[in-house]
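All values reported here derive from a predicted model rather than from experimental measurement. Along the sequence shown, the residues carry numbers beginning at 1.
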Amino acid sequence: MRVLGVDPGLTRCGVGVVEGVAGRPLTMLGVGVVRTPADAELGHRLVAVEQGIEMWLDEHQPEFVAVERVFSQHNVRTVMGTAQASAVAMLCAARRGIPVALHTPSEVKAAVTGSGRADKAQVGAMVTRLLRLSAPPRPADAADALALAICHIWRAPAQNRLQQAVALHSAKAPSKGRLA
């Protein structure tokens, strides 16, 4: 499975591609950051994020895109920029028919470090170890993108089995007629 992880942001949008399957060593195929100038007009920044993500999709041809789920922060401006960059990543994937999965920050931290409260340094250290890198990817947004991809590779098989079980159960359940 090849996954493009996206840590959304308007100034720095982390991107990382990991390949592998759960239970086996994983391989990093690429990592980086799509940057936009903070003083540029919002529309131009979103186009720059789109162009950057499109380049990563063209180069690495992922089977899945894993995006960090936007969560409420105290700074509404930061949350809006993150949500907008997240939407751009999802749009780019959907346009190509690539399935998108959203993972919360605590879910990613728990998958990679064992603790949903891990700090950036712990995430970077575990990403470095799991991918057998010589140093943690910099900036932290890049390491977070790799962590998202790792989380998806490890959690997708269980999530798929759960979805299949729910679908099977729904198909077998007797249908209840509607009352007029």
Side-chain angles (χ1 to χ4, degrees), residues 2-19 26-96 98-109 111-113 118-153:
R2 183 177 292 191
V3 179
L4 171 66
V6 179
D7 181 38
L10 274 180
T11 304
R12 288 183 321 272
C13 182
V15 287
V17 181
V18 177
E19 188 169 63
L26 303 172
T27 303
M28 180 188 76
L29 301 179
V31 66
V33 176
V34 176
R35 296 180 187 272
T36 69
D39 60 349
E41 180 188 314
L42 175 61
H44 295 297
R45 295 178 81 186
L46 293 172
V47 168
V49 170
E50 178 197 25
Q51 290 170 340
I53 290 172
E54 289 289 348
M55 285 176 28
W56 280 83
L57 292 170
D58 285 342
E59 183 177 344
H60 294 285
Q61 302 291 310
E63 299 165 76
F64 298 92
V65 173
V67 180
E68 183 176 273
R69 182 183 299 274
V70 177
F71 64 99
S72 178
Q73 296 174 343
H74 299 318
N75 186 340
V76 174
R77 192 167 163 215
T78 301
V79 120
M80 288 301 295
T82 302
Q84 290 162 333
S86 177
V88 168
M90 291 187 281
L91 175 67
C92 290
R95 204 184 276 142
R96 294 169 182 243
I98 302 170
V100 175
L102 300 174
H103 298 283
T104 65
S106 59
E107 178 186 1
V108 173
K109 292 173 184 178
V112 174
T113 70
D119 62 23
K120 295 249 184 216
Q122 291 170 305
V123 171
M126 283 307 295
V127 164
T128 302
R129 184 174 177 189
L130 293 168
L131 297 175
R132 300 169 313 282
L133 306 174
S134 59
R138 297 278 181 233
D141 309 275
D144 290 349
L146 291 171
L148 276 151
I150 293 167
C151 173
H152 187 73
I153 289 170

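To the nearest 0.5 Å, the span separating CG on Leu91 from CZ on Arg96 amounts to 11.0 Å. Residue Leu148 holds its CG atom at 11.5 Å from CZ of Arg69, rounded to the nearest 0.5 Å. To the nearest 0.5 angstrom, Leu29 atom CG is 9.5 Å from Glu59 atom CD. Here Leu133 contributes atom CG and Leu146 contributes atom CG; the two are 7.0 Å apart, rounded to the nearest 0.5 Å. For the atom pair CG (Leu131) and CE (Met126), the distance works out to 10.0 Å, reported to the nearest 0.5 Å. If you take CD1 on Ile153 and CD on Glu19, they are separated by 8.0 Å, rounding to the nearest 0.5 Å.
Of the possible polar contacts, one joining the Thr128 side chain to the Gly124 backbone as a donor-acceptor pair under 3.5 Å is found.
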Next item on the list: For the pair Arg2 and Val17, evaluate side chain to side chain contact (heavy atoms under 4.5 Å, CB included) and give the outcome as yes or no after the intermediate values.
Entry: CA-CA 7 Å; Arg2 183 177 292 191; Val17 181; 3.7 Å; yes
Margin query: One pair to check against side chain to side chain contact (heavy atoms under 4.5 Å, CB included): Val108 and Val123. What are the steps and the verdict?
Written below: CA-CA 9 Å; Val108 173; Val123 171; 5.7 Å; no
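Annotation: Arg95, atom CZ; neighbour count of heavy atoms from other residues, nucleotides and ligands within 6.0 Å is above 12.
Gln84 places none of its side-chain heavy atoms less than 4.5 Å from the side chain of Val49. The closest side-chain heavy-atom distance from Pro8 to Thr82 is below 4.5 Å. Taking the side chain as every heavy atom from C-beta outward, Lys120 and Asp144 approach each other to under 4.5 Å. Residues Pro105 and Glu68 meet the side-chain proximity criterion, which asks for heavy atoms closer than 4.5 Å.
Across all their heavy atoms, Ala85 and Leu10 have their closest contact at CB-N, 4.3 Å. Between Thr36 and Arg45 the shortest heavy-atom distance is OG1-NE, 2.9 Å. Scanning all heavy atoms of the two residues, the minimum distance from Glu107 to Leu102 falls at OE1-O, 4.3 Å.
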